[in-house]
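Some notes on the structure that comes next.
So that the names make sense, note that chain A is the first sequence line, chain B the second, and so on, each numbered from 1.
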2 protein chains.
Amino acid sequence: MSSDTGYGQYCPLAMASEMLGNKWTMLVIRELLDGSTRFNDIGRGLPLASRSLLARRLRELEQNGLVEHSAGTRGKSGKYRLTAAGEALSSVVRAMAIWGQEWIDEEPSLRNIDVRFLMWDMRRNVHPAEFLPDPFTVQFIFSDAPEGLKDHWLVFKRDDVDLCYVDPGKEIDVYVETDLRTMTRVWMGWCRLQDALKEDKISITGQDKYVSRTLDWLGLSGLSKVSKQLKHIRVGGNSTV
Amino acid sequence: MSSDTGYGQYCPLAMASEMLGNKWTMLVIRELLDGSTRFNDIGRGLPLASRSLLARRLRELEQNGLVEHSAGTRGKSGKYRLTAAGEALSSVVRAMAIWGQEWIDEEPSLRNIDVRFLMWDMRRNVHPAEFLPDPFTVQFIFSDAPEGLKDHWLVFKRDDVDLCYVDPGKEIDVYVETDLRTMTRVWMGWCRLQDALKEDKISITGQDKYVSRTLDWLGLSGLSKVSKQLKHIRVGGNSTV
DNA sequence: CAGTATCCGATGCGATACTG
DNA sequence: CAGTATCGCATCGGATACTG
């Protein structure tokens, strides 16, 4: 009488849920909206997703017409791009992200920090600053990151920013030392950089002029301008898991 | 290092997906946004969802702070209501619904028609018309509905509209005879009522003055004002299933 | 680098039966 | 009417190994 495992509703919301509701699907779309086109770049934004699942999701999205896959011609890697319909999902992604930023409490969020995602998120949203040496290298040191993932480097170049997990061997212009919670809170706009500095939860060192510049972009995730609702009406205390 | 089965991302989109991504969750929220408060009313908008699952979803939503459940005091039934955070999801629901209406092709949608949902959707979005007899009864006859679900009645009263699956025994003011696809297409704005009438895919009979009134509300689902993109760029040809 | 193929375990979900 | 409890199957997704 109605399709196998679906909702049995012609309703556009139900149809959209069937297409977008699978685990990881929305996040894959976000990666694409944010500009990643290659398989491994998309995967870098989803550290906990297995490769086989990522491949499956991309295939589904392609079959559904949300993603186009141009196969790579020998040596060159293929590219994934959103179709017009896929691009149009930005309104949905934005609505969900803003809702989450406004209404979900910090605490459950801070229990979900993967340092690889944090750094990838920063690398994506930070722009090559002008009037800086080229290259300009910032080293992040997270006291509480898992072994082997304590140090990260952001290398600002003229038109690009590189993210490294191993010492790129460049001269370091600025050091940022902190813990993952603090970095995340500052980055997301959940606490003011000034306050974190005052409480000695983060330290930024290097030449004075560079340090002061660093203060400009460190609290600037795309969502940091959206502020949270008052603590007592936020949600997510009990995780669904 | 990160939560059990989650995305491992503090990111608000990921957190929101964890809360809302489970099957049926979005549709439950839609029912609540549309004003249903009682367990069985919510269930009526989700004919294919099992009762036990619906109960589970409502409990999760309550634990997450999106729904409040006031227990019923003897005899009186309890009520489910969205909290402020839950109400705020209307922006997300609207964005998804509009995206679906614009971009998902008719064909896959029309393979998912459950007549009970169709009628419930109409009953919800239709308003008691003024200047009509009270009560005013419309009988729908779907030639291709499953046995026992061919006839439905919408009874317009002063401040309410009743939906019946069995003959309410009232005098019928207007008859609407058609098939499920046509009714759905007209209702959703995917085809003009005029055209369906012209092609004899739908017939509306009764006293002339009432028939002409019926034409006014029959093509008026909340989303019917949003029109679809051109056929060739729509999506969903291959269902995810 | 960019995937595919296969296996297997966890869980999600539906069906059914039962309670206040 | 408004749910809860239990069971068992189906599918989803993670891990691993393999390919061009």
Side-chain angles (χ1 to χ4, degrees), chain A residues 1-8 14 17-28 31-32 36-63 67-81 114 239-241, chain B residues 1-8 14 17-28 31-32 36-63 67-81 114 239-241:
Chain A
M1 158 187 192
S2 49
S3 113
D4 319 339
T5 175
Y7 295 114
S17 296
E18 277 187 51
M19 261 188 212
L20 308 171
N22 275 340
K23 215 179 159 192
W24 290 109
T25 300
M26 278 300 241
L27 300 189
V28 171
E31 293 303 313
L32 290 161
S36 293
T37 60
R38 302 191 322 181
F39 187 82
N40 276 341
D41 280 347
I42 297 166
R44 218 156 271 138
L46 313 168
L48 262 51
S50 72
R51 288 307 151 101
S52 53
L53 184 59
L54 178 54
R56 220 174 307 161
R57 287 289 175 267
L58 285 166
R59 207 181 317 128
E60 290 166 8
L61 286 169
E62 195 187 353
Q63 284 170 353
V67 163
E68 270 171 6
H69 184 206
S70 63
T73 29
R74 73 155 169 296
K76 301 287 297 178
S77 62
K79 288 190 188 309
Y80 295 91
R81 291 186 192 288
D114 184 295
S239 78
T240 309
V241 257
Chain B
M1 156 192 196
S2 48
S3 111
D4 320 340
T5 176
Y7 295 115
S17 296
E18 279 187 50
M19 262 189 212
L20 307 171
N22 276 339
K23 214 179 159 191
W24 291 108
T25 300
M26 278 300 240
L27 300 190
V28 171
E31 293 303 313
L32 290 161
S36 293
T37 61
R38 302 189 323 180
F39 186 81
N40 277 340
D41 280 348
I42 298 167
R44 217 155 273 139
L46 313 168
L48 261 51
S50 72
R51 288 313 155 97
S52 52
L53 184 60
L54 178 55
R56 220 175 308 161
R57 286 289 175 268
L58 285 166
R59 207 180 317 127
E60 290 166 9
L61 287 168
E62 195 186 352
Q63 284 170 355
V67 163
E68 271 170 5
H69 184 204
S70 62
T73 29
R74 73 153 170 295
K76 301 288 297 177
S77 63
K79 287 190 188 309
Y80 295 91
R81 291 184 192 289
D114 183 295
S239 79
T240 310
V241 254

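Panel note: side chain R57(B), backbone K23(B); a donor-acceptor pair is recorded below 3.5 Å. When atom types are taken as modelled, the side chain of Y80(A) and the backbone of E68(A) share no donor-acceptor pair closer than 3.5 angstrom. Between the side chain of E31(A) and the backbone N or O of L46(A) there is no donor-acceptor pair closer than 3.5 Å.
Using a 4.0 Å cut-off, some side-chain N or O of Y80(B) falls inside it from OP1 or OP2 of dG3(D). Taking 4.0 angstrom as the limit, H69(B) places a side-chain polar atom (N or O) nearer than this to OP1 or OP2 of dG3(D). An OP1 or OP2 oxygen of dG3(D) is reached within less than 4.0 angstrom by no side-chain nitrogen or oxygen of R38(B).
Rounded to the nearest 0.5 angstrom, W24(B) CH2 and R56(B) CZ are separated by 13.5 Å. Atom CG of residue L20(A) and atom CG of residue L20(B) lie 12.5 Å apart, to the nearest 0.5 angstrom.
DNA chain D is contacted by both R51(B) and R44(B); R44(B) maps to the nucleotide lying nearer its 5′ end (nearest heavy atom per residue).
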| remark: Readout for nucleotides 13-20 of chain C: B = base within 4.0 Å of protein heavy atom, S = sugar-phosphate only, - = neither; 5' to 3' it is BBB-----
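In this structure dA10(C) sits in a base pair with dT11(D), meeting the Watson-Crick or G-U test at under 3.5 Å. Base pairing of dG20(D): its partner is dC1(C), meeting the Watson-Crick or G-U wobble criterion (both donor-acceptor distances under 3.5 Å).
Following rounding to the nearest Å, L54(A) (CG) and dA15(D) (C1') show an atom-to-atom distance of 15 Å. Between the P atom of dC1(D) and the CG atom of L58(B) lies a distance of 16 Å, rounded to the nearest Å.
You'll find the side chain of N22(A) reaches within 4.5 Å of the side chain of E60(A), heavy atoms only.
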